[in-house]
2 protein chains.
Amino acid sequence: MAKRGPYEKGEAKRAEILRAALEIFAAEGYRGTSLRKVAAKCNLSLPGLMHYFDSKEDMLTRVLEARDEAARIKQIERGGSFDAGEIMRDGTRTPGLVELFVSMAAAAGDPSHPAHAHFSERYPVMRERLGEYLRHRMEAGAISDSIPAERLAVLLIALADGIQLQWLTDRSIDMTQPFNDLMRLLENGSEG
Amino acid sequence: MAKRGPYEKGEAKRAEILRAALEIFAAEGYRGTSLRKVAAKCNLSLPGLMHYFDSKEDMLTRVLEARDEAARIKQIERGGSFDAGEIMRDGTRTPGLVELFVSMAAAAGDPSHPAHAHFSERYPVMRERLGEYLRHRMEAGAISDSIPAERLAVLLIALADGIQLQWLTDRSIDMTQPFNDLMRLLENGSEG
DNA sequence: GTCTATACGACGATAGAC
DNA sequence: GTCTATCGTCGTATAGAC
């Protein structure tokens, strides 16, 4: 039986909207995508859609959150490892979604932007998680600790975001190469 | 004496528009900036402004090109070095302009976007220039050549773009730290 | 070539009825 | 919870003055 309670239908519709929005952005990109298109895909009028979200940017923030959550689950299913190849493949299957992420991250610099809270929480959390993983790998002697784990986490996250930007204009670029290069450098490092 | 020729005034106005647009984006960010505001700042009607550009995105592309050109001149004046600290400081004085760059880079993934040509030329040129610089430093023994110069250039450019994205939501982060960390790794490398 | 006036369609957002 | 109707603003297009 489905979940009970007064918000049952609303929550289902909410999820349907987010799924539809994700599909449209994946197919048509960030530009040229309107709320009316998303509404039509859900058999809803524009105000009908706006009943579920405060604004367009609020909706997009939820799309990003849902995507982050899905990525997190996938990563746990993989055993909690931070394999660059798999993470890049999962996160960048379509240019439209990469464009969405990058554009939102840029706009979220403004503290009044709905996604500001999302990103100012996301980055520290990711740094923490990745940093902890790296610390374990350092203690196990798998990689050099010549760069402190927290700082290496900042570096790797920047690398991941930045290589996506280059990939958007040149799809032939190998997004895993910089990670491999850097990791080999850390494996050849002084201490074991 | 000012430059002669039939397009003298037009070119001056063009430059004035680009300067005004840059100011407005720096002050008010990418969102909330309209062509009508830029036109008003130049004492122009909206179609008067559009006389100089094909579209909004065409104008923004020119803003980016002018900024790239200015950065290039500054770098030559500095003696052609690629000091990460100075480049980061010059390129990121205001969040609004970083936001403009990132948003345009994201949108330019679409080959039909006016800025597509700009970015698909800019990245290879930057890789080439930075790669050549790195090659010289490797041959001079200043840094390790364990990562080929061309690949190290891709990595460093990704690092520069990516760290800006983190900086947008957390202005307190040190944008030069990752470069220092990476460079120390390359200096401690095996061969001299 | 430079520029203004006017108008168009689409957008995100809101008010209020059912 | 969902609708119709409407608002103000956006980027864009055209006609035409100087």
Side-chain angles (χ1 to χ4, degrees), chain A residues 2-18 20-21 24-25 28-64 99-100 103-104 107-108 110 112-115, chain B residues 2-21 24-25 28-64 96 99-100 103-104 107-108 110 112-115:
Chain A
K3 184 187 165 192
R4 291 274 162 268
Y7 304 121
E8 177 187 353
K9 185 184 177 186
E11 287 305 312
K13 197 76 182 171
R14 219 185 184 82
E16 181 192 342
I17 293 170
L18 292 179
I24 293 186
F25 276 96
E28 309 190 23
Y30 186 69
R31 306 175 313 148
T33 299
S34 69
L35 292 179
R36 280 173 175 87
K37 280 188 194 170
V38 178
K41 186 151 189 159
C42 303
N43 297 109
L44 229 49
S45 69
L46 175 62
L49 188 149
M50 294 305 289
H51 168 72
Y52 294 95
F53 304 96
D54 295 338
S55 67
K56 180 187 188 182
E57 308 201 296
D58 174 50
M59 187 195 79
L60 295 180
T61 306
R62 309 307 172 97
V63 171
L64 243 39
E99 191 190 341
L100 172 62
S103 298
M104 291 288 283
D110 182 348
S112 72
H113 191 285
Chain B
K3 184 187 166 192
R4 291 275 161 267
Y7 305 121
E8 179 185 352
K9 184 184 177 187
E11 287 305 310
K13 196 74 182 175
R14 220 186 183 81
E16 180 192 341
I17 293 170
L18 292 179
R19 210 178 316 120
I24 293 186
F25 277 95
E28 308 189 24
Y30 187 71
R31 307 176 311 150
T33 298
S34 69
L35 291 179
R36 282 172 174 86
K37 279 187 195 172
V38 178
K41 185 151 188 159
C42 304
N43 297 109
L44 228 49
S45 70
L46 176 61
L49 188 152
M50 292 310 287
H51 168 71
Y52 294 95
F53 305 96
D54 294 339
S55 68
K56 179 189 188 180
E57 307 201 297
D58 174 50
M59 187 194 80
L60 295 180
T61 306
R62 308 309 172 96
V63 170
L64 243 39
E99 190 190 342
L100 172 62
S103 299
M104 290 288 285
D110 182 348
S112 72
H113 191 284

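Every chain is numbered from 1 and lettered A, B, ... according to where its sequence line falls, protein lines coming before strand lines.
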* Kindly indicate whether the side chain of A/His113, heavy atoms from C-beta on, has any atom under 4.5 Å from the side chain of A/Met104. => yes
* A/Arg14 side chain reached by A/Phe53 side chain, heavy atoms, under 4.5 Å -> yes
* side chain to side chain donor-acceptor pair (under 3.5 Å) with A/Arg31: which residues, sequence neighbours excluded? -> B/Glu57, B/Asp110
* To do: Represent DNA chain C in dot-bracket notation, 5' to 3'. Only Watson-Crick or G-U wobble pairs with both distances under 3.5 Å count; pseudoknot-style crossings use [ ] and interstrand partners use |.
  => ||||||||||||||||||
* Asked: For C/dG1, does OP1 or OP2 lie under 4.0 Å from any side-chain N or O of B/Tyr52?
  -> no
* Asked: Taking all atoms of both residues into account, what is the closest heavy-atom pair of A/Lys56 and A/Thr33, and its distance?
  -> NZ-O, 3.5 Å
* **D/dG1 phosphate, OP1 or OP2, under 4.0 Å from A/His51 side-chain N/O** => yes
* Structure fact -> With B for base contact, S for sugar-phosphate-only contact and - for none (protein heavy atoms under 4.0 Å), nucleotides 11-18 of chain C reads BBBBB---
* Hey, are B/Arg19 and B/Glu16 close enough for a salt bridge, meaning a charged N less than 4.0 Å from a carboxylate O? -> no
* Between B/Arg14 (CZ) and C/dG1 (C1'), how many Å, whole number? -> 12 Å
* To do: Compare side-chain N and O positions of A/Ser45 against OP1 and OP2 of D/dC3 and report whether any pair is under 4.0 Å apart.
  => yes
* Asked: Under 3.5 Å, is there a donor-acceptor pair between the side chain of B/Arg62 and the main chain of B/Leu18?
  -> no
* Nearest 0.5 Å please: distance from the OG atom of A/Ser45 over to the CE atom of A/Met50. => 11.0 Å
* Asked: Can you find a pair of side-chain heavy atoms, one from B/Leu44 and one from B/Ile17, that are under 4.5 Å apart?
  -> yes
* Write down the distance between OH (B/Tyr30) and P (D/dC10), rounded to a whole number of angstrom. => 14 Å
